[in-house]
Each structure stands twice: as structure tokens, then as C-alpha cells.
Amino acid sequence: MKPFGIVFGYSFKGRIRSKSFTWMTVLMVAVIAAVVLASRFLGGQALTEGTVAVVNNSSLPVEAGELTSGVSPIYEWKMVQNSELASQQKLLQNEDLAAVVVIERGADAAAAPQILLSVNRKDDVAFAPNLSAYVERLNVNDRVESLGLTTQQAAALTAQPAFELNELNAGAKSTTETYMPVYALMVVMFFMIYLFAGTVATSVSVEKGSRIQEILITKVSPVQLLAGKVLGVGLAGMLQFAIIFGSGALLVNLFGAEESLSLAGLSFDLSVFDGQMLAVAAAIFVLGYFFYATLFAAAGSIVSRSEELSQAMMPISLLLFVGFIIAMLSLGNPNGTMAVVSSYIPFLTPMVMLARVGAGELALLEILLPILVLAVSTLVVGLLSAKIYRGGVLLYGQKPSIGTMLKMLGVKNKSLRPQTQVGVGQTNDAV
């Protein structure tokens with residue numbers, strides 16, 4: 001066990017001392033802190049998209065506060081005099097204003113008020129229907145008052161139609177509440193698995209290219225060398241995972257709301273990150289890392305030069321990326337056929353299960369079975385990768401291919417030993 005401990009310690013210390021580990025940790029904590037603190041100090045207020053100047057030449061009681069609450073809260077409304085209309089139009093042409101609204105009296109006493117909305121482009125604003133409804137409501141109230149109707153008559157005339165909302169999927173979370181928090185977690189998980197698993201492959205290929213492994217395997221067995229690297233880098237990944245999410249939880253508890261964050265008028269429901277979600281995320285990260293790290297290590301062991309590593313890693317990386325794409329598609333329908341089937345495919349399980357648990361309501365068995373399949377698959381892949389690694393660390397001069405891996409696994413009868421003997425014979429002839 002001593003050689004294993006040396007490899008494990010070297011891999012762990014090398015990873016946590018690397019610049020990429022430090023910068024990624026600092027960056028992720030800084031991003032979380034920026035979101036939480038911005039939510040606190042901005043007070044959850046919507047960021048305005050511009051200023052709208054309003055000239056009211058009618059007798060209706062138009063007010064800026066009512067325009068904000070009744071027409072559009074994402075614009076700053078200001079009331080100006082008719083004498084300032086020319087200067088406001090000039091500001092609009094210079095795009096210092098979002099729009100200019102002029103409300104005129106009707107052509108006669110029975111006519112409705114007229115609204116003139118000036119914009120640089122008609123797609124710049126989307127509040128026109130709300131503005132029309134607001135002015136219409138003020139006009140109706142004014143007419144009711146001028147006609148001297150009784151309270152009952154006025155109430156009957158201005159009564160709003162009854163509206164009843166029938167929610168078929170009661171308790172379901174909105175897209176904003178679920179999509180953004182879970183999507184952010186999926187992005188972090190994807191990059192952490194890819195970067196840490198890729199670190200193992202890079203380490204293997206660099207050591208093999210420099211012939212260091214030929215010395216190492218005289219002191220440490222290939223299986224111990226592989227296990228030490230994977231576990232050492234994996235423990236560093238778990239430490240980074242704990243730092244990032246621990247810091248996020250601490251910042252939310254100290255500066256954020258209990259279960260939600262409000263930023264730029266949008267509310268993000270953090271209640272999706274309950275105990276079940278965090279436990280599943282931790283289990284998926286651990287299993288997903290070991291699953292892909294062993295595959296990447298096997299790919300790194302069959303290359304002769306570091307330049308060939310990207311070619312060997314590409315098929316495995318594509319599988320992880322496909323899982324990420326399917327997970328994004330599954331956010332809208334976490335119980336669909338594609339999401340359910342994909343969650344039982346080990347290559348796709350880490351990403352898809354994260355989306356299903358975050359965006360859906362799954363039974364305990366629906367969570368445990370895919371994780372169990374991933375755990376068993378990780379063990380099997382680890383054993384197969386160890387076979388490939390054992391033969392690949394001493395294999396030089398061959399391009400990485402599926403056939404090479406099959407030879408390592410003993411699927412083909414053609415042995416690698418004769419190739420090595422021929423190479424030695426050719427060397428003797430050359431001497």
C-alpha cells in the first residue's frame with residue numbers, strides 16, 4: 001500500500017497546487033458571490049430598459065407611478081409639459097429616450113382620447129397594449145363620473161369579467177424557478193467532471209511520453225498507479241466541489257433570501273437545492289468522475305505522444321457532451337421517454353439524472369436505480385480500463401484505435417508481445 005499512497009499523495013497535492021484548481025475555485029466562488037450580493041444590494045428591483053417621456057394634454061389623471069405599476073415596470077416614466085415636446089423628440093432621435101407618449105383630448109366630447117406613441121423602431125417597446133388599456137380605463141372612469149351615475153350603475157358599468165385560473169399541474173415549478181438554477185448546476189458539474197477526468201488522461205500521457213512510467217512500473221504496479229492517480233485527482237475534485245457549494249450555501253444564508261434570489265426582476269427559486277438534490281448531485285459527481293476518469297486514463301495510456309491525446313479523448317468527450325445536451329432537453333419534460341431511457345445509460349446518467357431530479361418529482365426508486373446502474377458500470381469500466389492501462393503504458397509506436405483497446409482487453413488473439421520482440425530484434429540488427 002505504500003507505493004499506492006505515494007502516487008495518491010503526489011496526484012492529490014499536484015492537483016490542488018495547480019493554477020487551474022486555484023483559478024477555477026476562485027472564479028466560481030466569485031460568480032456565486034456576485035449573484036448573491038447583487039440580489040441583496042439591488043433589492044430585487046428590475047433594471048430599467050430606458051426612459052419614457054409622457055405629455056398629457058387630456059383631462060385624464062395620468063401619473064408616472066401608475067404607469068410604472070399598470071403599464072410596464074421595466075421603464076422609467078416621467079411626466080413632461082407640452083412645451084418640452086420638441087426637446088423630448090430630439091432626445092428620442094438621439095436614442096436618449098426609449099419612447100415619447102402624447103395623450104390628446106378626443107376630437108369632440110364623445111370621442112375617446114388619442115394616444116401618439118413615438119419610438120425609433122417599433123420593436124423597441126412592447127407596452128403599447130398595456131398603455132392603451134390603461135388610458136381606456138381612465139377614460140371610462142372619467143365618463144362614469146361625468147354622467148352622474150349612481151354607485152350601483154357605475155359598478156355595473158366598470159365591472160371586470162370574472163377570471164378563474166385552473167392549474168392542472170398544481171405545485172409545478174415555473175421555467176425560471178427550475179431551469180436556471182439546475183442549468184447552472186449542470187454546467188458546473190459538466191466542466192468539473194471533464195476537467196478533472198481530463199487531468200488524469202493528461203498526466204498519464206505526459207508521463208508516458210517522457211518515459212517516466214517505465215521507471216514507475218518497476219516500483220508500482222499499473223493497477224496501483226492508475227488507482228492512485230484517479231483517487232488522488234478525484235479527492236481534489238471533491239474538495240473543490242465542497243468549497244464551491246459550501247461557499248455558495250454560506251453566502252445565501254448570510255446575504256440572500258431563504259429560498260429565492262431576485263435579480264433584474266427575475267426570481268430564482270433555490271428550494272430546488274434541497275437535501276435530496278444535493279445528495280444526488282454529490283453521488284453523481286463522485287460516480288460520474290470515476291466513470292469518465294478511468295476511461296480517460298485508459299485513453300491516455302494508449303497514446304505514444306501527448307499530441308495524440310485529444311484524438312483519443314474525443315469519443316469519450318462527445319459522450320459526456322451528448323449527455324449534457326439531452327439533459328438540457330430533459331429539463332422541459334423530465335419524465336419523458338428520452339429522459340427516462342437516457343438516465344439508465346451510464347454514459348448519459350450523470351447529466352440526465354441531475355436534470356430529472358432538479359426539474360421533476362421522482363420517486364425514490366426512480367433515483368436509486370439509475371445511480372445503482374452507474375455505480376455497477378463504474379466498477380466494470382474501472383476493471384476494463386485497468387486492463388487497457390496495464391498493457392497501454394508500455395505500448396509505443398501505434399496510433400490509438402478501437403483495435404488497440406480490444407487487444408489490451410484480450411478480445412483479439414493477436415498478442416502484443418511478438419510486436420515487442422520484433423522491435424527488440426530490429427534494434428539488435430541496427431546495432
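- For the pair Leu97 and Ala53, the tightest heavy-atom approach, listed with the atom from each and the gap, is CD1-CB, 4.0 Å.
- Here Gln93 contributes atom CD and Glu95 contributes atom CD; the two are 10.5 Å apart, rounded to the nearest 0.5 Å.
- Below 30°, between 30° and 60°, or above 60°: for Phe190 and Phe324 the angle between ring planes is between 30° and 60°, a tilted geometry.
- In this view, Leu231 and Phe4, Phe8, Phe290 satisfy the side-chain contact (heavy atoms from CB on, under 4.5 Å) rule, not counting sequence neighbours.
- Interatomic distance, CG of Leu362 versus CG of Asn335, reported as 6.0 Å (0.5 Å rounding).
- In this structure, Met314 places its CE atom where only 12 or fewer heavy-atom neighbours from other residues, nucleotides or ligands lie under 6.0 Å away.
- Looking only at distances, no side-chain donor or acceptor of Asn139 sits under 3.5 Å from a matching main-chain atom of Val135.
- For Ser132 (side chain) and Pro129 (main-chain N/O), no donor-acceptor pair under 3.5 Å exists by modelled atom type.
- For Phe321 and Tyr194, the ring centers sit 6.0 Å or farther from each other.
- Counting all heavy atoms, side chain and backbone alike, Asp142 lies closest to Leu60 at CB-CD2, 3.9 Å.
- For Tyr183 (side chain) and Leu331 (main-chain N/O), no donor-acceptor pair under 3.5 Å exists by modelled atom type.
- Contact detail for Ser342 and Val352: the closest heavy-atom pair is CB-CG2, 3.9 Å.
- The salt bridge (charged side-chain N to carboxylate O under 4.0 Å, His left out) analysis of residues 326-347, with sequence neighbours excluded, yields no pairs.
- Within the 4.5 Å cutoff, the side chain of Val55 has no heavy atoms near those of the Ile103 side chain.
- A pairwise comparison of heavy atoms in Ile193 and Phe285 identifies CG1-CD1, 4.0 Å as the closest pair.
- Looking at Tyr289, its side chain does come within 3.5 Å of a backbone N or O of Val230 through a donor-acceptor pair.
- Using a distance-only test at 3.5 Å, with no hydrogens or angles considered, a donor-acceptor pair links the side chain of Thr68 to the main chain of Ala64.
- The shortest heavy-atom contact between Pro370 and Thr349 is O-CG2, 3.9 Å.
- Formation of a donor-acceptor pair under 3.5 Å by the Glu76 side chain with backbone atoms of Val52 is not found in this model.
- By the side-chain hydrogen bond (donor to acceptor under 3.5 Å, both in side chains) test, Glu66 pairs with Tyr134, sequence neighbours left out.
- Residue Leu131 comes nearest to Leu67 through the heavy atom pair CD1-CD2, 4.1 Å, listed as atom of the first residue, atom of the second, then distance.
- For the pair Asn130 (side chain) and Ser72 (backbone), a donor-acceptor distance under 3.5 Å is absent.
- Checked against Glu366 for a side-chain contact (heavy atoms from CB on, under 4.5 Å), the options Arg356, Met353, Glu361 give a single hit: Arg356.
- For the atom pair Ser118 OG and Gln88 CD, the distance stands at 11.5 Å (nearest 0.5 Å).
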